[in-house]
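These notes concern the structure reproduced below.
The first residue of the sequence shown is numbered 1, and numbering continues consecutively from there. Scope of the values below: all heavy atoms of this structure, side chains included, with no hydrogens, waters or symmetry mates. Treat the numbers as computed from the prediction; the structure is a model and nothing was measured.
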Amino acid sequence: MSPSELPDSSSDQLPFAIDRGSALPYHEQVYRLLLEEIMSGGFTPGEKLLQEKEYAARLGVSLAPVRQAILALTKDGYLTRTRGRGTFVREVKVANKIQLLSSFTAALEATGLPVAMRVLTAETVPASEAKGGALQVPVGAELFHLRRLAFLAGEAVALLSAFLPAELCQGLTEADLSSSLYQLLEQRHGTVMTSATNTIEVVRARPKHSSHLQVPVGEALLRVEAITCDQHRTPIEFSQVLYRADRFRFEIESHRRDRHIQHVVGEAHSDPPTAPTIH
C-alpha cells in the first residue's frame, strides 16, 4: 500500500499528552512523544501524520512548538514531508548493524530487510598521489577501482568506492562483485583484512552522489574513509563509503583493556577488535 493510500492517524484521543508540569519546552516534549511513537511502532513506516494544527489542538498547545518538533524530526531523518501530500513516517535508521572488518553486505543483511548491491564501476585506473600514498604504491601504478551502490528494501542507501593494487585483484572482474569483496579476496587470494584506520565526517551530497542516492544536492551524508591492511600489515584497500544520513547512525562503544582504550563502531562484542572498519 502506498503512503497516499494509508489512512491518517485520526483517533479523537492521542496516545500521548503534554506534561504541563515538566521543565522541558513544549517543542521538545512533542519531539520526544512523536519519536517514541515512531520507535515503538505506534506509527508504521509510510504512515501519514495528522496536520500540525490538529496535533496542536489535541495537545492543547500553539502551532509553533508542533511545527518546530516536526521540522526537527524531518531534519533528523524520521519523517519526510511532501508538498501537497503531507508528512509521512520514514523507515527507521539502521543502527548497531555496521560490523567490524566484515562484509558490508552481511552487515545490511543483519537488518532482516532485502539487500542488493549494484556494480557501477569495475576498472583499472592509475594511482593518484593521494591513493598511491595510502596504499604505498608509486603514483601511476595500476589500481583496481570498484564502485557499487547498496540498496536496502529497494531504496539506495550507500555509495561504496574501493581502490586496491591491481596485482592483488587478478580475476576479480569476472567474479560476482555484488557479493562481499572481502570474502572474494580471502577465497581467491588468501588475503584477510585485519586492521584499518578510519575517518568519519559529515559531507554534502554533490550532483553525482545525488543522482545515485536519490537525495537533494547539498543533503547531509556520512562519509567513512578507510585504509585497510591485510594479515601482513600491508595496505590493501583505500575505500570511501557515503551513507545516507537519514538511514544510518553510528554508535561507538569503548572498553578499557589493560590501560588501553578500545573502541567499537557498531555492534558490541564481549572482546571487541582493536581496529574497526566499515565495508
Side-chain angles (χ1 to χ4, degrees), residues 1-98 107-108 110-115 152-158 202 213-216 218-222 243-254 264-268:
M1 183 178 294
S2 67
S4 61
E5 296 172 321
L6 288 167
D8 293 357
S9 300
S10 56
S11 60
D12 290 335
Q13 296 296 323
L14 296 176
F16 49 80
I18 290 290
D19 180 0
R20 303 191 183 279
S22 172
L24 280 177
Y26 285 165
H27 70 84
E28 181 65 25
Q29 289 193 51
V30 176
Y31 179 99
R32 295 187 182 190
L33 291 169
L34 290 174
L35 180 59
E36 175 61 26
E37 283 296 295
I38 294 170
M39 301 303 292
S40 66
F43 292 134
T44 57
E47 182 173 351
K48 185 178 180 180
L49 269 61
L50 295 172
Q51 292 185 7
E52 294 170 358
K53 63 181 180 181
E54 293 184 69
Y55 280 119
R58 296 186 187 189
L59 291 170
V61 298
S62 66
L63 184 60
V66 174
R67 179 166 294 167
Q68 188 174 350
I70 288 178
L71 286 174
L73 287 165
T74 302
K75 181 180 178 181
D76 291 344
Y78 296 102
L79 301 175
T80 181
R81 294 163 68 88
T82 304
R83 185 181 299 274
R85 294 178 59 203
T87 302
F88 299 87
V89 179
R90 298 201 64 151
E91 293 283 351
V92 177
K93 292 186 180 184
V94 176
N96 277 339
K97 298 299 182 184
I98 302 172
L108 289 187
T111 65
L113 298 172
V115 176
L152 189 61
E155 183 179 27
V157 294
V202 176
L213 294 174
Q214 297 298 298
V215 297
E219 183 84 355
L221 302 174
L222 296 171
Y243 296 91
R244 279 179 47 171
D246 62 336
R247 296 305 313 276
F248 288 90
R249 67 179 182 225
F250 292 89
E251 295 185 359
I252 300 176
E253 181 177 335
S254 300
V264 180
V265 180
E267 186 174 2

Quick one: are [X] and [Y] in side-chain contact, heavy atoms under 4.5 Å?
X: Thr87; Y: Thr80; value: no
X: Leu73; Y: Leu35; value: yes
X: Glu47; Y: Glu37; value: no
X: Val61; Y: Arg20; value: yes
X: Arg81; Y: Ile70; value: yes
X: Leu71; Y: Arg67; value: yes

Indicate the atoms forming the closest heavy-atom contact of [X] with [Y], along with that distance.
X: Gln29; Y: Ser22; result: NE2-CB, 3.6 Å
X: Val30; Y: Leu59; result: CG2-CD1, 4.1 Å
X: Leu222; Y: Phe248; result: CD1-O, 3.8 Å
X: Ala220; Y: Val202; result: CB-CG1, 4.1 Å
X: Pro65; Y: Tyr26; result: CB-CB, 3.8 Å

Quick check for you: to the nearest 0.5 Å, what is the distance between [X] atom [atom1] and [Y] atom [atom2]?
X: Leu79; Y: Phe88; atom1: CG; atom2: CZ; result: 11.0 Å
X: His27; Y: Arg32; atom1: NE2; atom2: CZ; result: 10.5 Å
X: Tyr78; Y: Leu34; atom1: OH; atom2: CG; result: 12.5 Å
X: Ile38; Y: Phe43; atom1: CD1; atom2: CZ; result: 6.5 Å
X: Leu33; Y: Glu28; atom1: CG; atom2: CD; result: 10.0 Å
X: Glu52; Y: Ser62; atom1: CD; atom2: OG; result: 11.5 Å

Expected output: side-chain [X] to main-chain [Y] donor-acceptor under 3.5 Å:
X: Glu219; Y: Pro216; answer: no
X: Gln214; Y: Ala156; answer: no
X: Arg244; Y: Leu213; answer: yes

Item to check | Residue pair Val89, Thr44: steps toward the side chain to side chain contact (heavy atoms under 4.5 Å, CB included) verdict | outcome: CA-CA 7 Å; Val89 179; Thr44 57; over 6 Å; no
